[in-house]
Every structure is written in structure tokens, then in C-alpha cells.
Novice: 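Dumping the structure here so I can ask a few things about it.
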There are 2 protein chains.
Amino acid sequence: MASRGPYAKGLAKRGEILDAALEEFGRRGYDRTSMREIARQTGLSQAGLLHYFSTKEELFLAVLRRRDDRATAPDEDSHIHSVKRLLDAVARNAGEPGLVRLFVSMSAESVDGDGMAHGFFVDRYRWLIHEIAGDIRAQQEAGKASTAIDAEDAASILVAVADGLQLQWLLDPDSVDMADRIAKLWSILKVAE
Amino acid sequence: MASRGPYAKGLAKRGEILDAALEEFGRRGYDRTSMREIARQTGLSQAGLLHYFSTKEELFLAVLRRRDDRATAPDEDSHIHSVKRLLDAVARNAGEPGLVRLFVSMSAESVDGDGMAHGFFVDRYRWLIHEIAGDIRAQQEAGKASTAIDAEDAASILVAVADGLQLQWLLDPDSVDMADRIAKLWSILKVAE
DNA sequence: GTCTATATTATGATAGAC
DNA sequence: GTCTATCATAATATAGAC
């Protein structure tokens, strides 16, 4: 609530930088994005930008964490992820190719162990799949979902389909209706014998 | 058959370069891989390497095409891709993280329209899904697969799961048995009501 | 076919003034 | 908090000798 205070301006600028960085990282990938370009877009010199984020990696991780928050926070009531939320997120993402690109390409790039964001993505997938598996298990126990498939397997598959479809969609947007396809899959899994 | 001739040495060297490049691109991604490093690994100077592939992009595309061949050619009888082949490829890939990494990260990196390999991956996905959809349709007509889901949808989903699971597996190899999971999915899709 | 040398252009980061 | 240098690398690609 402290919209005035010693840090007000700095915080606003930080937000502006994160917006621009999200845009650039999402559009061009980590390696091809330069600090100079992000600085330029926010009306700073490169050195000025480094006052806010003293390394490129630091800025990158801040961008990832912030996007993660968006996907989690401003939604429904529960703080738990669920199948429904995953489906919603996929549908929503069709309007934000930059975000999708960011996550698809960043998670792929972070794959090698020494990579900057490796830990971030490992944790994120573990958490996401665990949450969704919990939701599926609850639905199974309530008799609303088939027990023909293990909840953990189903969760992992749904997350995998979401990622894979996003990749197909990014490469060829007209060829895929992501939300429709993943919804069909879930409707089948839900009633499998 | 011409193991001797004016080009024999050049061709062998080309192969050696492609092997090293595949390894490096797969391990570090396109941007982080330098021509100098590939040259070093093949006992060439950077300029010497450029005699074989005059730009980095050219080398990269040669690597992609070659890997694509591998996945297609040395398999069974038919020249057509199929669900079975996709499942086999996923199982096989668990032994070749470098290859998986190459394709996951390269396809993600190629996402922007101006990217070097965009066309390659767009074509590849179209073809792959089309082939697999054809196989599924054939199974449906033979009464071996359920018609509860559209063949095109199912093919897209299976390819998406393969990609997504590979990503999960790369990030956290112990957490996923890719082949098992995708096989379970297919067994469910096959008998869906 | 392969090399050395170099041109050119970027990058991330630091030092220090204002 | 922001700037102007500048440093130190590192990259692809070219020119031209051998």
C-alpha cells in the first residue's frame, strides 16, 4: 500500500523492466536477448539496468518467478492446482504466445544441469504434477474420475500434453486448438475403463 | 559404394563433423555451441571447419536432417510412421539424452518465424502427425482402435505427450518412465468408449 | 583441404563521475 | 539512481598463404 515512499519509483521501474524482459526473453529466447536491448526498451542505459538486476541471470529468474505467480495467484479460490486450472491455463495461453514461448523454450534451455534455471523448472514440474495428481486422486475417490489410470501417471500425461501442444501451436498456430484437444483427452481419461 | 575416390576423405570428415556437432548442439543448445568447439573436437581449425559447412546455420540444418533420417530409416519394413514407431522411438530415446535434448531445445528455439529451423520443424510435425493419424485411422477401420476420438486429435496428442514427457524426463530422469507412460495412454485411447 | 591472421561485431560486467 | 566510458571476452566470417 505504500505507493509513496523511498522505494516507490524503484519498484515501478522494476516492474517496467520485468515486463520488457518477459517480452524479450519470450520473443527471442534467453541467449539471443541482450541486456542492452532490455535497457533500451525501458529508457535506461545498460549500466543503469544493472543497478536493478546486477546480472542477466538474476533478471531472468525474476522474470520466471513472476510469470509463475501470475499462473497461480489471480485465479479462483483454492491455492491448489488442479486439472481444471491446467485446462484453463492452456486456453488462456492461446492469447499469450510470448508467455508460452518463454516457458517452452526456457524449460528446454534449462535442461542441462548447470543451467541457470534448472532448479526452477525441476521444482515447478514436481510441484505442478503433484498438485494435479492430488486433484485427480480426490476426483477418483469421489467417484468422479476413473481409476483405470494412476493419478500420478494421468497428471504427468496431462502436463506433458499441455507442453507438447503448446509447442505444436507455436510452430503452426492454425493447426491446433490446444484447449479443445486437451479437454477431449481429459474427458476420455476421466471415463476410461 | 565408392569408398575410394576424390571425395572419400571429405565425406568421412563430414560425417565426423556431423557427429561432433550433434553431440555439442544436443548438449549445449544452438546458441551456446560454437563453431570453434566443434572444430576443435574434429581436429580442425575454425576456418577449416568452414570449408565443410560455410555457416553455422548450414551445419545445424545438416545435423537436424541427419537425425531425422536416423529416426525414420533404420527401423522396420514400412516407410510409414505409426503409433508403434512413435512408442519405439520414445523408448529408444531414453538411452540417448543428447538426441532428445537436441530436438526438444531446437524445436523450442526454432519457434520464432525468422528462426533458421522453423520450416524444418513445421514440416516435420505436420508430416509426423499426418502419418500417425493415418495409422490410427487404419486401425480404427480394422476395428482395432476406438473411434471415440478423432484420429488427427489422437495423433497430435500422442506426439505432444512424447515431447512433453521427454522434457519432464530430461529435467528429472528418475521421475518419469516415458515409454511406460505413453504406452498406458495409448492403451486407454485405443479402447475408449 | 587446411592453416594463420584478422575484421567485425556483440556481449556482460566494472569503475567512477554526477 | 543513472550515466559515460571502458574492459575483457567471444563469436562468425573472410582473405589469402601453403
Side-chain angles (χ1 to χ4, degrees), chain A residues 2-21 23-25 27-64 105-106 109-110 112 114-117, chain B residues 2-21 23-25 27-64 105-106 109-110 112 114-117:
Chain A
S3 70
R4 202 162 49 198
Y7 298 124
K9 181 179 175 188
L11 284 179
K13 198 72 187 171
R14 253 185 92 95
E16 195 187 331
I17 291 166
L18 288 170
D19 284 340
E23 167 81 17
E24 269 308 283
F25 282 133
R27 204 159 55 85
R28 319 238 317 144
Y30 180 81
D31 288 304
R32 291 187 189 77
T33 297
S34 75
M35 294 294 269
R36 275 182 172 81
E37 175 60 20
I38 294 169
R40 206 184 51 73
Q41 281 179 23
T42 48
L44 287 171
S45 70
Q46 187 231 352
L49 170 58
L50 289 174
H51 170 71
Y52 292 92
F53 300 93
S54 46
T55 68
K56 187 183 183 180
E57 181 179 340
E58 188 185 321
L59 172 57
F60 178 61
L61 284 172
V63 168
L64 287 183
S105 89
M106 293 305 98
E109 276 187 32
S110 81
D112 55 335
D114 67 314
M116 62 251 123
Chain B
S3 69
R4 202 164 47 199
Y7 297 126
K9 183 180 176 188
L11 283 179
K13 198 72 185 172
R14 252 185 94 94
E16 195 188 332
I17 292 166
L18 288 170
D19 284 340
E23 167 81 17
E24 269 309 283
F25 283 133
R27 203 158 56 84
R28 319 238 317 144
Y30 180 81
D31 289 304
R32 291 188 191 78
T33 297
S34 74
M35 294 294 268
R36 272 183 172 79
E37 176 59 20
I38 294 169
R40 206 185 52 72
Q41 282 179 23
T42 48
L44 287 171
S45 70
Q46 186 232 352
L49 171 59
L50 289 175
H51 171 70
Y52 292 91
F53 299 94
S54 46
T55 69
K56 187 183 183 180
E57 181 180 339
E58 188 185 321
L59 172 56
F60 177 61
L61 285 171
V63 168
L64 287 183
S105 89
M106 293 305 99
E109 277 186 33
S110 81
D112 55 336
D114 66 314
M116 61 252 123

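For clarity, every value in this text was computed on a predicted model and none was experimentally measured. Side chains included, hydrogens not; waters and symmetry mates left out as well; all remaining heavy atoms used.
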Novice: Considering non-hydrogen atoms only, spot the tightest contact between B:Thr33 and B:Glu24 and give its length.
Specialist: OG1-O, 3.2 Å
Novice: Of all heavy-atom pairs between A:Leu50 and A:Met35, which one has the smallest distance, and what is that distance?
Specialist: CD2-CE, 3.7 Å
Novice: Could you check whether the side chain of B:Gln46 and the base of D:dA11 have a donor-acceptor pair of N or O atoms closer than 3.5 Å, going by distance alone?
Specialist: no
Novice: Find the distance A:Arg28:CZ to C:dA10:P and express it as a whole number of Å.
Specialist: 11 Å
Novice: Using whole Å, report how far CZ of B:Arg14 lies from P of C:dT2.
Specialist: 13 Å
Novice: When you measure from the side chain of A:Lys13, which nucleotide among D:dT2, C:dG12, D:dA13 comes out closest?
Specialist: D:dT2
Novice: Classify B:Thr42 by what it touches in the nucleic acid, base, sugar-phosphate, or nothing, heavy-atom distance under 4.0 Å.
Specialist: nothing
Novice: Rounding to a whole Å, what distance do you find between B:His51:NE2 and D:dA13:P?
Specialist: 16 Å
Novice: What is the distance, to the nearest angstrom, from the CZ atom on A:Phe53 to the P atom on C:dG12?
Specialist: 15 Å
Novice: It should be established whether B:Ser45 places a side-chain nitrogen or oxygen under 4.0 Å from OP1 or OP2 of nucleotide C:dT2.
Specialist: no
Novice: Among C:dG1, D:dA13, C:dA15, find the nucleotide with the atom closest to the side chain of A:Ala47.
Specialist: C:dA15
Novice: What are the two closest non-hydrogen atoms of A:Ala39 and A:Ser45, and how far apart are they?
Specialist: CB-O, 3.5 Å
Novice: Whole angstrom is fine here: how far is it from CG in B:Leu44 over to P in C:dC3?
Specialist: 5 Å
Novice: Give the rounded distance in Å between these two atoms: CZ of A:Arg36 and P of C:dA10.
Specialist: 10 Å
Novice: In terms of the angle between their ring planes, are A:Tyr30 and A:Phe25 parallel, tilted or perpendicular, with boundaries placed at 30° and 60°?
Specialist: parallel
Novice: Expressed as a whole number of angstroms, how long is the span from A:Leu50:CG to C:dT14:P?
Specialist: 8 Å
Novice: Rounding to an integer number of Å, can you tell me how far A:Glu37 CD sits from C:dG12 P?
Specialist: 11 Å
